[in-house]
> 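What follows is a structure written as structure tokens; I'll ask about it next.
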Amino acid sequence: MKLAARVARVTPSLTLAISAKAKAMKARGIDVCSFSAGEPDFDTPEHIKEAAKKALDLGKTKYGPAAGEPLLREAIAAKLKRDNNLNYTAENVIVTNGGKHSLFNLMLALIDRDDEVIIPAPYWLSYPEMVKLAGGKPVIVPTTAKNNYKITPEQLDRAITPQTKLFVLNSPGNPTGSVYTPDEITNLAKVIVERDILVVSDEIYEKILYDDATHLSIGAVNSQVFERTITSNGFAKSYSMTGWRIGYIAAPLEIIKAMNTIQSHSTSNVCTFAQYGAIAAINSSQDCVEKMRLAFVERRSIMHDAIASIDRLTCEKPSGAFYLFVDISQTGLNSLQFCNHLLESQQVAAIPGIAFGADSCIRLSYATDPISIKKGMERLDRFVRSC
Ligand code: GLU
């Protein structure tokens, strides 16, 4: 069988592969502690499920517009104004099958052969693969733990070439949990405007912030950067709606029209009645979001304290998202060896940092219950002692 050459250019998603393996082991009765996928363990809040059930009963079971239900697009535009100070209309919004689908469609809509896309490392593992699938070239810019894994304006400026089309900004970030300060965002915006490139701001972890961290959407800095900004977000992480597959992008009209054309020939609309759940999520009280965030605050402390007490492991206490990015270099193992042995010998699932462009680290998600976190950290301690 001769497959298309593009298949050989990409690797399958390791986050999905490892979490599927951990789930399969659990189904076989093995006592696995899984810190693999970034998936909150909470059920979707009741009022969101009720709204989707009601939509089903009301017959919201037909095709809808490819770009999404008008009511949802309006609710998203209003949310972006209210929470993010971004002046989009409903026409500037497209609803997609999850944050991943948003970004994939965006790459197809924007990236031509050999266009360069700047991605700071560590990065969420799907960004470079999506760029490659679209025929473009990911330009990886390494960051350091010393700078909290954040790209500096100087680094961004140096990475820009005449082929640069797009810069991928992800704050709060996966896998590191780093959050750019408003000043840092403003300084990156200056480079974007001066060098006239586009930026996609992946804000999927926007609501999961700790201590005194704040979130500034880069598109809100000024009108010049707004024209060059694509804002990406979704419902999975804030509302524990991972399986619903609902994300969105807000951007200049031309980009939304292009994405709509692509979507109209690929997936069509997102599941119609599910979109009514999303409308309820966005238009109702946000108490459920805060309740889950407070649970993450506690889990972050439990996991971080445990890691801090394990010799030869180091990690920053992150300001956002729900991951710890743990440096394992003192154990002498690379990240794949570390994660494979950890799963085999202690039944603890973690994601090797190599998937995110940082082989000296592993990613642990603490979007799971405190008992499993405590148990998993005891096993991790035992494992590191044995290395
Ligand atoms: N974004 C989540 C993660 O990084 C979900 C898995 C995926 O889509 O990669 O774990």
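None of these values were measured; they are calculated from a predicted model. In each ligand, atom 1 is the first atom listed, and ligand 1 is the first ligand listed.
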> Can we say Glu184 and Lys150 salt-bridge, meaning some charged N sits less than 4.0 Å from an Asp/Glu carboxylate O?
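Salt bridge flag = yes for Lys150 with Glu184.
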
> Does a salt bridge link Arg300 with Asp211, judged by any charged N lying under 4.0 Å from a carboxylate O?
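Judged by the 4.0 Å cut-off on N to carboxylate O distance, Arg300 and Asp211 do form a salt bridge.
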
> Does Phe273 sit in a hydrophobic cluster with other residues, and if so which ones, taking ILVMFWY side chains as linked at heavy-atom separations under 4.5 Å, directly or through other members?
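Noted: Phe273 shares its cluster with Leu56.
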
> Of all residues at least two apart in sequence or in a different chain, which pass the side-chain hydrogen bond (donor to acceptor under 3.5 Å, both in side chains) check with Tyr239?
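Listed in chain order: Gln286.
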
> Pairs of donor and acceptor atoms involving the side chains of residues 338-360, under 3.5 Å and at least two apart or interchain, shall be tabulated with distances.
| from | atom 1 | to | atom 2 | distance (Å) |
| --- | --- | --- | --- | --- |
| Asn340 | ND2 | Leu336 | O | 3.3 |
| Ser345 | OG | His341 | O | 2.7 |
| Gln346 | OE1 | Arg382 | NH1 | 3.3 |
| Gln347 | NE2 | Glu344 | O | 3.0 |
| Asp359 | OD1 | Ser335 | N | 3.1 |
| Asp359 | OD1 | Ser335 | OG | 2.5 |

> Please tabulate, one line per pair, the protein nitrogen or oxygen atoms found under 3.5 angstrom from a nitrogen or oxygen of ligand 1, with distances to 0.1 Å, or say none if there are no such pairs.
| from | atom 1 | to | atom 2 | distance (Å) |
| --- | --- | --- | --- | --- |
| ligand 1 | 1 (N) | Lys237 | NZ | 3.3 |
| ligand 1 | 4 (O) | Trp124 | NE1 | 3.3 |
| ligand 1 | 4 (O) | Asn174 | ND2 | 2.9 |
| ligand 1 | 4 (O) | Arg363 | NH1 | 2.9 |
| ligand 1 | 8 (O) | Lys100 | NZ | 2.9 |
| ligand 1 | 9 (O) | Thr15 | OG1 | 2.6 |
| ligand 1 | 9 (O) | Trp124 | NE1 | 3.2 |
| ligand 1 | 10 (O) | Gly38 | N | 2.7 |
| ligand 1 | 10 (O) | Arg363 | NH2 | 2.8 |

> May I ask you to say whether Asp287 pairs ionically with Lys291, meaning some side-chain N is under 4.0 Å from a carboxylate O?
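Result for this pair is no, no salt bridge flagged.
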
